[in-house]
Amino acid sequence: MRQVVYFPFDYATCTPIVKSPDLTAARQFPTIPAEAKHKESTYLMNTNADLLAGLNPAQQQAARIVEGPVLVLAGPGSGKTRLLTHRIAYLIDPIGVPPYNILGVTFTNRAAREMRERLEDLVGAGRTATLTLGTFHSLCARFLRRDIQHLGRERDFAIYDADDQEQVLRRVLRELQLDEKKYPPRAIKGRISEAKNELIGVQEFARIVRDYFDEIVLRCYERYQALLRESNALDFDDLLMETVRLFEQHPEVLAKYHERYHYLLVDEYQDTNRAQYVLVRQLASRHRNLFVVGDEDQSIFGWRGADIRNILQFEDDYPDARVILLEQNYRSTQAILDIAQAVIQPGGQRKRHKQLWTENGGGTQVTLIEGYDQDDEAQRVADEIVRLMASEGYQQRDFAVMYRTNAQSRAIEEALLSRRLPYYIVGGTRFYERKEVKDVLAYLRLLANPADSVSLERIINTPKRGIGTGTVAELQRFAGGQGVPLFTALQQLQAGEKSPFTERTRTPLLRFLELIESLAAQSRELPLPKLLEALLERLAFREYLLSSYGPDEGDERLGNVVELFNVAEDYTGLEQPLQLPAFLEEVALVADLDSLNQEQASVTCITLHQAKGLEYPVVFIVGLEDGILPHSRSRDNANQMDEERRLLYVGVTRARERLYLLYAFRRSTYGRTTTGVPSPFLRDIPPHLLRKPGGRSTSSVAAAMAQPGISPARPPQGSRSSPISTGRAARQAAGSAASSLRYRPGQRVQHARYGEGIVLSSTPMDGDEEVVVNFKGEGKKHMIASLAKLTVLD
DNA sequence: TCAACTGCTCTTTTT
DNA sequence: GAGCAGTTGA
């Protein structure tokens, strides 16, 4: 009987799709009883004890404030999300805010999802109203879908991600005859993005040009915007900037949202940038029921425009704001909080020094470990996980390994694999960024929006159909000359207009056009999964992948594409014409597939940035070296150094019970090996707060490997082959010990994907080994020993 | 046009 | 060490 509103929206009517049999009940929800509102204008006395029962007095006080601006400054682990969730429940329930009147903004889609789930549990049957919950970007996309025509644009715009943006900029550079080497598209993109985050459009940018590079950027920016418009596309930053513009230029549109949303809640307010700040101001301007929660000590997104002043100056912007401090920490032990304080204390830019405290007791001392190199460091982590599981009863899901850069995950992965610990990597090479996935999506995007020239260019010769780079360049000139999208140019070609193409190049172009047109016709009729199926069939995509990448990799890539079906299935509940656009929007804005791939019983590997807002019983932070954390690019900028410090603080405060800090004596970053210097942040921690494992206190394996402490570590002795798996041992041996083969014909082996098989042959190859295995039901596979994760069964 | 080859750069962090 | 743009030869 519960009623909960999920994404996606129905774009035509802009109403949420309620996955519940009974929408009427939600719609007829009572409005705020007038007398209740006037009796007590800010606090409502008749609280529902159940709804606020889980909160402490300070949280309860915050949750109950019904009107006016509220700033909650909350330390880590103080129950921010909990507070937000209970407050929403409270607004919905005892006060009886009617449907559609609450707008909650979170920082990630994951946070929104989690909050929705918690709300489901919290609010009982028949009492649930609807609310809108999402990230700034997803909300803006929704607003724009509805009203962007006021800005003279089409509704079915595409959303361009970083990759697409760079493609557009490449084309711009080519057109302007600028050297890509001298003006890297990334850098230009960064500058444009920076400007957009501060709501600086092309016109305004012209006025703030500060150097020669900006001059170039200005020229690119102008052309870039024109191309986006021609392609009927918006980039991420446009979503925010255009929404602000829409509200500014069309107060009647904004008024509509004022009507709809009486209560605005923003999580992680310290991470808002200028555009988001203005957006919040616009949306809250009428009712002023703005409730923001944040922690300046956890501001870690300055590099993408987050402006810490938004939170520091909240009271200036809203002089009547109530400010509530949440300092009690419910998450961590005192031992962990001591470390957190030590790390954050020396940082600058802090207005209020929150004093974290907990009733959780002392807890286990935080451990500092030096590994010999990144592999040893990772192995220590894996060993410790195994030890804690055996001796302390932890489960795999209790552990998280956190690092500064995604690249560091690799060593961790290998170590976990060698211990047969299931893990999952958050982010990393994102699913939607894989080439084969992007290719398929490009087709779908083109079907939804034929003006999308970036997508067209991406797939015009994928799979190969005889349209080379020369022809594509010619097509671009042809289209560019008339200022039309590539697709339109193709149509003109078909209509027989005179063009620079020879018969030989013209034929494949027209065949491509016919392909797209016939698929487009199907896209208007078929439900999404069927469309996907037809598309793959028509392209012979399976055969294409298998022939381009071989049976192993081809199969894996095909698996990724098949994964898309799972996502597509979710949209079959929508009316047919909405399925494709809704799907594409989710793909663009919900960058992760966590919910799909996350295995419950797995160790989590995650960047420090992504870890914000999460918590784990046991946390390992690896790579605490100067140049990694803090990152070398931040070294000469005090603000950035502060941000790195806060990043570590965020990581430390994710831990509930146990925390491990690790660094490596040497580390190789793409080829070159360098000696690691422990992070300067470690020096800020009083030594007595840290335990350095000696002798028996760590796992026997780790203890045998290297001496603890700061003394120069010794390289691991010999190969550390575990009886469980040969994967890692194989790789180690490949580097050091020579030649003797690790697999013999007749051996039974296990592979993650193919299952069980018999080794047919094994031959040495470049210090590695090529193994041929016959898998049951899968047949013969050739694999490279160090890459194929093979486990010997007997 | 395309496959094979070579030499170069690249890594923060995310919606 | 990898992925990619640019070059070469078929």
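Each chain gets a letter, A, B and so on, in the order the sequences are listed, and its residues count up from 1. Side-chain atoms are counted along with the backbone in the values below, which use heavy atoms only and exclude waters and symmetry mates.
Contact annotation for A:Thr108: backbone-only contact, meaning every heavy-atom pair under 4.0 Å involves sugar-phosphate atoms and none involves a base. In this structure, A:Asp161 reaches neither bases nor backbone, as no heavy-atom distance under 4.0 Å exists between it and the strands shown. When heavy atoms are screened at a 4.0 angstrom cut-off, A:Arg170 is found touching no nucleic acid atom at all. Backbone-only contact: A:Thr471 has heavy atoms under 4.0 Å from sugar-phosphate atoms and none from a base. Using a 4.0 Å heavy-atom distance criterion, A:Phe136 is classed as making no nucleic acid contact.
Contact between the side-chain N/O atoms of A:Asn406 and the OP1/OP2 oxygens of B:dT13 is found at a separation under 4.0 Å. Between A:Asn273 and B:dT15 there is no side-chain polar atom (N or O) within less than 4.0 angstrom of OP1 or OP2. Residue A:Thr607 places at least one side-chain N or O under 4.0 Å from the OP1 or OP2 atom of B:dT14. OP1 or OP2 of B:dC2 sits under 4.0 Å from a side-chain N or O of A:Asn461. At B:dT13, none of the side-chain N or O atoms of A:Gln610 fall inside 4.0 Å of OP1 or OP2 (strictly under the cut-off). Between B:dT15 and A:Arg110, no contact under 4.0 Å exists linking OP1 or OP2 to a side-chain N or O.
We find that CE of A:Met641 is positioned 15 Å from C1' of B:dT13, with the value rounded to whole Å. A:Ile621 has its CD1 atom 17 Å from the P atom of B:dT13, to the nearest Å. Rounded to a whole Å, the CE atom of A:Met402 is 16 Å from the P atom of B:dT13. Note: CG (A:Asp163) to P (C:dG3) measures 15 Å, nearest angstrom. In this entry the distance linking CG of A:Asp179 with P of C:dA5 reads 14 Å, nearest Å. Following rounding to the nearest Å, A:Arg186 (CZ) and B:dC10 (P) show an atom-to-atom distance of 9 Å. In this structure, the NZ atom of A:Lys435 is 16 Å from the C1' atom of C:dA2, given to the nearest Å.
Side-chain polar atoms of A:Tyr269 and A:Asp295 form no donor-acceptor pair below 3.5 angstrom. Remark: the A:Glu175 side chain and the A:Gln177 side chain contain no N/O donor-acceptor pair separated by less than 3.5 Å.
Between atom CG of residue A:Leu144 and atom CZ of residue A:Arg146 there is a gap of 12.5 Å, rounded to the nearest 0.5 Å.
A distance of 6.0 Å or more separates the ring centres of A:Tyr224 and A:Tyr221.
C:dC4 sits 23 Å from B:dT13 when the C1' atoms are compared, rounded to a whole Å.
The listed nucleotides are B:dT15, C:dA2, B:dC2; the one nearest the side chain of A:Asn109 is B:dT15.
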